[in-house]
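Given the structure is predicted, the values throughout are model-derived calculations rather than measurements.
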Number of protein chains: 2
Amino acid sequence: MKSLKLTKSFQRILLYGTVLAVLVFFLKWVQWNFLIIDNAIDIYIGVIAVLFLVLGVWIANQMIKSRTVIVERKVPVSTPRTVFINEDTLRELAISKREYEVLQLLAKGHTNADIATELFVSLSTVKTHVSNLFQKLDVKNRTQAITKSKELNIIP
Amino acid sequence: MKSLKLTKSFQRILLYGTVLAVLVFFLKWVQWNFLIIDNAIDIYIGVIAVLFLVLGVWIANQMIKSRTVIVERKVPVSTPRTVFINEDTLRELAISKREYEVLQLLAKGHTNADIATELFVSLSTVKTHVSNLFQKLDVKNRTQAITKSKELNIIP
DNA sequence: CTGAATTTCATCCTAAAGTATGAACGGAAC
DNA sequence: GTTCCGTTCATACTTTAGGATGAAATTCAG
């Protein structure tokens with residue numbers, strides 16, 4: 001990246017140098033020819049002025065290709081849902097892996113009995129997990145647990 | 001707007017004209033002084049060249065200012081959630097106003113007793129509404145009702 | 001290895017949810 | 001008017017959820 005930039009700068013310097021050299025030779029030639037005509041010094045100076053004016057414009061254009069102003073524009077993007085799970089919150093609430101599995105199934109609308117079957121544990125175990133979840137989420141029932149979990153982005 | 005732009009252009013032309021006039025006087029003065037020194041024509045031409053080079057750069061900058069490119073950059077903004085309620089789905093499911101009120105409170109995690117109190121109706125009424133909702137949503141309990149309602153975008 | 005946290009399970013009890021059925025009332029449409 | 005629909009309410013019953021408590025097995029870091 002840096003070598004490329006240096007190369008480009010070098011090329012530009014070479015270009016400018018060449019242009020200046022050609023210009024100097026051209027000026028010397030113009031000076032020679034115009035000096036034959038007496039008192040044509042004003043015309044000569046005019047030519048010089050125009051030439052350097054154009055050169056100045058050209059150089060400035062080369063230096064600043066175009067002035068680009070970037071305007072940020074806020075565009076609402078429809079997110080499919082909150083995709084990102086807030087794992088920090090999950091850790092803060094000290095919800096264990098197993099409890100989180102229960103929470104996920106609970107949020108799907110499964111009953112405790114369903115969850116017990118799916119996780120191959122007893123109904124008592126599920127109830128324990130659920131009760132612990134309620135305490136950690138600071139809610140009183142499973143519907144509040146679902147709502148709060150979605151608000152906290154700890155479930156999709 | 002257009003008159004303002006014309007005025008600005010006029011001001012710019014006046015500015016350029018004044019600068020040129022001042023420059024011409026300055027040049028004449030320089031020419032006068034330098035002609036005293038014999039063969040100082042090269043130095044004089046150098047001064048002219050530098051002056052008009054700078055002038056060219058300045059003019060180019062002035063021109064570029066009016067050539068500023070504005071690029072809009074779209075910044076995605078995450079919407080809080082799906083804001084739009086799918087009222088078509090709501091009508092298709094034939095969910096009545098009162099049932100929808102119950103559904104909204106239900107989705108907030110309120111118990112049937114809470115809903116009864118808030119809507120000034122009896123617990124029996126709420127239970128009836130809830131049962132009807134379950135049938136219309138084709139679910140078996142309130143947690144499934146919440147999940148499905150959110151999926152169908154009929155509640156926020 | 002020991003202690004803390006996790007996971008597991010049980011039992012008892014209460015509260016809430018959910019089902020089924022019937023009925024009364026009012027408004028809008030036919 | 002009467003028919004349909006939404007809303008209201010009640011009663012009885014079953015199921016599920018939730019709370020409290022205790023305890024055993026497992027895991028895992030210090």
Side-chain angles (χ1 to χ4, degrees), chain A residues 85-152 154-155, chain B residues 85-152 154-155:
Chain A
I85 302 299
N86 197 332
E87 295 178 21
D88 294 328
T89 307
L90 215 50
R91 240 171 279 120
E92 282 173 25
L93 293 174
I95 292 175
S96 68
K97 296 169 202 165
R98 202 58 162 172
E99 285 167 351
Y100 187 61
E101 288 183 277
V102 173
L103 178 60
Q104 284 176 315
L105 295 174
L106 187 147
K108 282 187 184 176
H110 295 200
T111 64
N112 288 342
D114 288 339
I115 298 171
T117 304
E118 290 175 62
L119 295 182
F120 297 105
V121 293
S122 74
L123 180 61
S124 300
T125 307
V126 175
K127 283 190 176 183
T128 306
H129 287 318
V130 170
S131 284
N132 291 334
L133 277 170
F134 290 169
Q135 282 190 333
K136 291 177 180 177
L137 286 170
D138 189 30
V139 295
K140 296 188 82 68
N141 54 51
R142 53 180 56 221
T143 57
Q144 288 178 5
I146 295 175
T147 304
K148 190 150 190 178
S149 298
K150 297 215 176 200
E151 280 176 4
L152 294 173
I154 59 177
I155 54 170
Chain B
I85 301 299
N86 196 332
E87 294 178 20
D88 295 329
T89 307
L90 215 51
R91 242 172 277 118
E92 282 173 27
L93 294 174
I95 292 175
S96 69
K97 296 168 202 164
R98 202 60 164 170
E99 285 167 352
Y100 186 60
E101 289 183 275
V102 172
L103 177 59
Q104 285 176 314
L105 295 174
L106 187 146
K108 282 187 184 174
H110 295 199
T111 65
N112 288 343
D114 288 340
I115 298 171
T117 304
E118 290 176 62
L119 295 183
F120 298 104
V121 293
S122 74
L123 180 61
S124 301
T125 306
V126 176
K127 282 189 177 184
T128 306
H129 288 317
V130 170
S131 285
N132 290 335
L133 277 168
F134 291 170
Q135 281 188 334
K136 292 177 181 177
L137 286 170
D138 189 33
V139 296
K140 296 186 82 66
N141 55 53
R142 51 180 56 219
T143 57
Q144 287 178 7
I146 295 175
T147 304
K148 191 151 190 176
S149 297
K150 297 216 176 199
E151 280 176 5
L152 294 173
I154 59 177
I155 52 169

**B/E151 with B/K148: basic N within carboxylate O range, under 4.0 Å** =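 Between B/K148 and B/E151 there is no salt bridge, as every charged N stays at least 4.0 Å from the carboxylate O atoms.
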
Rounding to a whole Å, what distance do you find between [X]:[atom1] and [N]:[atom2]?
X: B/H129; N: D/dC5; atom1: NE2; atom2: P; answer: 17 Å
X: A/N112; N: C/dA16; atom1: CG; atom2: P; answer: 16 Å
X: A/L123; N: D/dT15; atom1: CG; atom2: P; answer: 14 Å
X: B/F120; N: D/dT7; atom1: CZ; atom2: C1'; answer: 17 Å
X: A/N132; N: C/dT6; atom1: CG; atom2: P; answer: 9 Å
X: B/Q144; N: C/dA17; atom1: CD; atom2: P; answer: 16 Å
X: A/N141; N: D/dG19; atom1: CG; atom2: C1'; answer: 13 Å
X: A/K127; N: D/dT15; atom1: NZ; atom2: P; answer: 14 Å

**Item:** Backbone N/O of B/A107 and side chain of A/T147: donor-acceptor pair under 3.5 Å
**Value:**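 Here the side-chain-to-backbone pair exists.
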
**Asked** Is there a donor-acceptor pair under 3.5 Å between the side chain of B/K127 and the backbone N or O of B/N112?
**Response**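 No, B/K127 side chain to B/N112 backbone: no donor-acceptor pair under 3.5 Å.
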
**Request:** Rounded to the nearest 0.5 Å, what's the gap from NZ on B/K108 to CD on A/Q144? Could you check?
**Result:**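 Here the rounded value is 12.0 Å.
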
**Item:** Qualifying residue, where the test is side chain to side chain contact (heavy atoms under 4.5 Å, CB included) with A/S149 and the options are A/L90, A/I95, A/I154
**Value:**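 Exactly one option meets the side chain to side chain contact (heavy atoms under 4.5 Å, CB included) with A/S149, and it is A/I154.
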
**Working for side chain to side chain donor-acceptor pair (under 3.5 Å), residues B/T125 and B/T128** = CA-CA 5 Å; B/T125 306; B/T128 306; 5.9 Å; no

**Message:** If you take any heavy atom closer than 4.0 Å to DNA chain D, which residues from residues 90-105 of chain A end up in contact?
**Reply:**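 Result for residues 90-105 of chain A: none.
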
**Request:** Would you indicate which nucleotide in C/dA17, D/dT8, C/dT8 comes nearest to any side-chain atom of A/V121?
**Result:**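 Within the option list, the nearest is C/dT8.
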
**Prompt:** Which nucleotide sits closest to the side chain of B/T128: D/dC9, C/dC9, C/dA16?
**Reply:**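 Of D/dC9, C/dC9, C/dA16, D/dC9 is nearest to the side chain of B/T128.
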
**Terminal helix-axis angle for the helix from C/dC1-D/dG30 to C/dC30-D/dG1, with five pairs defining each axis and rounding to 10 degrees** =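 It comes to 50° between the two terminal axes.
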
**Message:** It should be established whether A/T125 places a side-chain nitrogen or oxygen under 4.0 Å from OP1 or OP2 of nucleotide C/dT7.
**Reply:**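 No, outside the criterion.
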
**Request:** Evaluate the side-chain proximity of A/L106 to B/T143: yes if any heavy-atom separation is below 4.5 Å, no if none is.
**Result:**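 Sidechains of A/L106 and B/T143: no contact.
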
**Asked** Can you tell which of B/K136, B/Q104, B/H129 makes a side chain to side chain donor-acceptor pair (under 3.5 Å) with B/E99?
**Response**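 Testing B/E99 for a side chain to side chain donor-acceptor pair (under 3.5 Å) against B/K136, B/Q104, B/H129 leaves exactly one candidate, B/K136.
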
Using a cut-off of 4.0 Å on non-hydrogen atoms, how would the nucleic acid contact of [X] be classed: base, sugar-phosphate, or nothing?
X: B/S124; answer: base
X: A/S122; answer: sugar-phosphate
X: B/S131; answer: base

**Message:** The test is side chain to side chain donor-acceptor pair (under 3.5 Å); show your working for A/T117 and A/D114 and say whether it passes.
**Reply:** CA-CA 5 Å; A/T117 304; A/D114 288 339; 5.5 Å; no

